[in-house]
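Have a look at the structure that comes next, please.
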There are 2 protein chains.
Amino acid sequence: MKTKLKEGSIRLFEEKGFSATSVQDIVEAAGVTKGTFYYYFQSKEQLLMDIHSDYIGDLLMRQEAIRQSEASSREKITSIIGLLIVDIEQHGPSGRVFFREMRHLKQANAEAVKRKREQFRMNIEELLRDGVASGEFRRQIQPDMAAFAILGVTNWSYQWFNPAGSIPAEKLAEIFSDMLLNGIMSEGGKEHVGISNH
Amino acid sequence: MKTKLKEGSIRLFEEKGFSATSVQDIVEAAGVTKGTFYYYFQSKEQLLMDIHSDYIGDLLMRQEAIRQSEASSREKITSIIGLLIVDIEQHGPSGRVFFREMRHLKQANAEAVKRKREQFRMNIEELLRDGVASGEFRRQIQPDMAAFAILGVTNWSYQWFNPAGSIPAEKLAEIFSDMLLNGIMSEGGKEHVGISNH
DNA sequence: CCTCACATACTAACTAGTTGGTATGTTCAG
DNA sequence: CTGAACATACCAACTAGTTAGTATGTGAGG
């Protein structure tokens with residue numbers, strides 16, 4: 001029943017938002033009453049924290065496996081992009097709740113989640129730094145900003161990508177990896193562009 | 001007073017979310033009473049629609065100016081990235097409300113906003129198609145997915161970028177333009193990567 | 001110059017319903 | 001007969017929205 005309450009609430013939070021979803025809505029969707037809800041969860045906020053913890057904990061674990069694998073920086077970055085995009089298929093609703101409803105966590109919980117979120121980002125940053133140091137990536141790349149760019153492309157996909165549509169998640173991951181790694185410009189145009197220093 | 005109510009509510013919606021912000025909160029922040037609120041706005045939802053219309057309307061207008069300018073596809077794409085990033089400085093809160101609270105608009109309003117949002121995206125897609133056709137951009141680029149990538153990088157910036165921090169908005173726009181146009185990989189590594197067809 | 005009709009920009013008090021949370025049961029398996 | 005897993009009934013606080021009324025301005029006819 002705990003799982004049913006949690007999974008049902010994810011769908012409701014995604015559709016209506018955390019505040020607009022009442023505990024009554026959640027227990028009705030699960031076919032129980034409020035007594036049951038407060039037997040399993042201390043508060044509505046505690047349930048939201050559970051959802052956040054599950055989501056970011058799982059991603060960090062899977063990112064760690066990629067980090068510790070034997071692969072080039074490029075391959076690791078590509079794997080992380082794949083991890084995030086393919087994850088939409090299974091955890092799209094959780095992700096959307098994660099991105100949108102964090103401000104409804106109380107401060108202590110919000111900080112714990114924020115730290116894990118930042119750890120995920122810093123791990124990408126580190127991979128990028130390694131790749132720049134080894135010459136695999138361009139010298140001009142700023143690892144911190146590049147990490148934000150990668151997370152932007154992938155996280156934004158949660159807002160629009162439909163894994164049941166015409167493009168499979170694996171294909172989208174390839175498209176985005178290619179675009180981020182190789183850029184949009186054709187070879188002829190490249191030398192004209194770059195970061196200016198004025 | 002109408003402006004004060006609107007601008008105050010944007011800040012509250014950003015901090016607490018639309019549903020968690022009561023009309024009472026809004027009028028207290030503006031120093032008036034609820035009667036005044038309902039004198040200027042038909043409903044709480046109508047106020048949210050106003051915020052959405054203002055935001056997307058302004059962006060579409062400024063995008064149109066870029067589209068109609070005489071410039072290369074690359075320059076136009078760079079300008080649009082700049083438009084969105086520099087906009088964070090002035091309309092960060094509006095943008096965050098726009099991205100997060102659209103599901104609280106009633107259907108008719110949501111559809112109107114969605115159409116304008118899609119128009120903005122399709123305009124980028126068109127610029128990308130032009131660039132691919134003219135050879136300015138790589139043949140392999142898929143304009144629709146590339147548009148989502150660009151919007152991902154820029155829109156995500158609303159979540160983390162602080163224009164008052166050490167990196168000015170104009171600089172960030174340059175960094176992101178460079179990264180999206182030229183990619184992350186160094187020249188030596190490029191030929192190994194690409195979209196496979198298996 | 002005055003005043004009457006009307007408009008603008010509000011306020012205080014209210015309604016009808018919903019909220020998260022709690023205190024107190026009841027049921028049934030081990 | 002115990003305790004885990006639920007249900008019932010309730011509350012104080014809060015919700016969006018409404019109502020009737022009012023202070024201040026404004027413009028035109030006499």
Side-chain angles (χ1 to χ4, degrees), chain A residues 1-54 93-94 97-98 100-110 112-113, chain B residues 1-54 97-98 100-110 112-113:
Chain A
M1 189 51 36
K2 192 178 179 180
T3 308
K4 201 169 177 182
L5 279 166
K6 200 187 283 185
E7 284 175 6
S9 71
I10 291 171
R11 236 164 291 143
L12 287 166
F13 289 164
E14 186 203 355
E15 278 166 38
K16 322 205 308 171
F18 176 77
S19 297
T21 303
S22 70
V23 176
Q24 199 59 49
D25 292 337
I26 295 167
V27 299
E28 271 167 25
V32 292
T33 57
K34 280 212 287 193
T36 306
F37 181 91
Y38 283 97
Y39 174 75
Y40 289 115
F41 301 99
Q42 290 169 42
S43 65
K44 192 185 167 189
E45 191 264 355
Q46 175 62 232
L47 163 62
L48 183 64
M49 182 56 186
D50 262 45
I51 294 169
H52 273 75
S53 291
D54 289 357
S94 292
V97 170
F98 182 83
R100 256 173 12 199
E101 312 291 356
M102 191 172 148
R103 72 195 167 295
H104 294 115
L105 295 172
K106 56 184 186 196
Q107 217 195 356
N109 285 335
V113 171
Chain B
M1 190 83 284
K2 193 177 179 181
T3 308
K4 201 170 177 182
L5 280 166
K6 201 188 281 186
E7 283 173 6
S9 71
I10 291 171
R11 238 166 289 142
L12 288 166
F13 289 164
E14 186 203 354
E15 277 167 39
K16 323 205 310 171
F18 175 77
S19 296
T21 302
S22 69
V23 175
Q24 199 59 49
D25 292 338
I26 295 167
V27 298
E28 271 168 24
V32 292
T33 57
K34 279 214 285 195
T36 306
F37 180 91
Y38 284 96
Y39 174 76
Y40 289 114
F41 301 99
Q42 289 171 42
S43 66
K44 193 184 165 188
E45 191 263 356
Q46 176 61 232
L47 163 63
L48 184 64
M49 182 56 186
D50 261 44
I51 294 169
H52 273 74
S53 291
D54 288 357
V97 169
F98 182 82
R100 257 170 14 198
E101 313 291 357
M102 190 172 149
R103 72 194 168 299
H104 294 116
L105 296 173
K106 55 184 186 193
Q107 219 195 354
N109 284 335
V113 170

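Letters go in sequence order (proteins before strands), and every chain restarts at 1.
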Self-check item: Between P of C/dG21 and NZ of A/K44, the distance in whole Å
Solution: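 The distance from NZ of A/K44 to P of C/dG21 comes to 8 Å, rounded to the nearest Å.
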Would you kindly check if the NZ (Lys) or CZ (Arg) of B/K44 is within the cone defined by 45 degrees around the ring axis of B/F37 and under 6.0 Å from the six-membered ring centre?
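Because its charged atom misses either the 6.0 Å distance or the 45° angle limit, B/K44 does not stack over B/F37.
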Sub-4.5 Å side-chain heavy-atom contact between B/L47 and B/F13: yes
note: B/L47, atom CG; D/dG17, atom P; distance rounded to Å ~ 11 Å
(message) I need the residues from residues 19-42 of chain A with at least one non-hydrogen atom less than 4.0 Å from DNA chain C; give them sorted by number, or say none.
(response)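 The stretch gives A/T21, A/S22, A/V23, A/K34, A/Y38 as the residues lying under 4.0 Å from the strand, ordered by number.
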Discussion item. Checking A/S43 now: which residues fulfil side-chain contact (heavy atoms from CB on, under 4.5 Å) with it, not counting sequence neighbours?
Written reply: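 A/E45, A/Q46.
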Problem - Nearest-angstrom distance from the residue atom CE of B/M1 to P of D/dT24 - result: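 One finds 18 Å between P of D/dT24 and CE of B/M1, rounded.
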**Side-chain touch B/E101/B/T21, heavy atoms, less than 4.5 angstrom** =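 Heavy-atom side-chain distance check fails, nothing below 4.5 Å.
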The reported gap from CD in A/E14 to CD1 in A/I51 (rounded to nearest 0.5 angstrom) is 11.0 Å
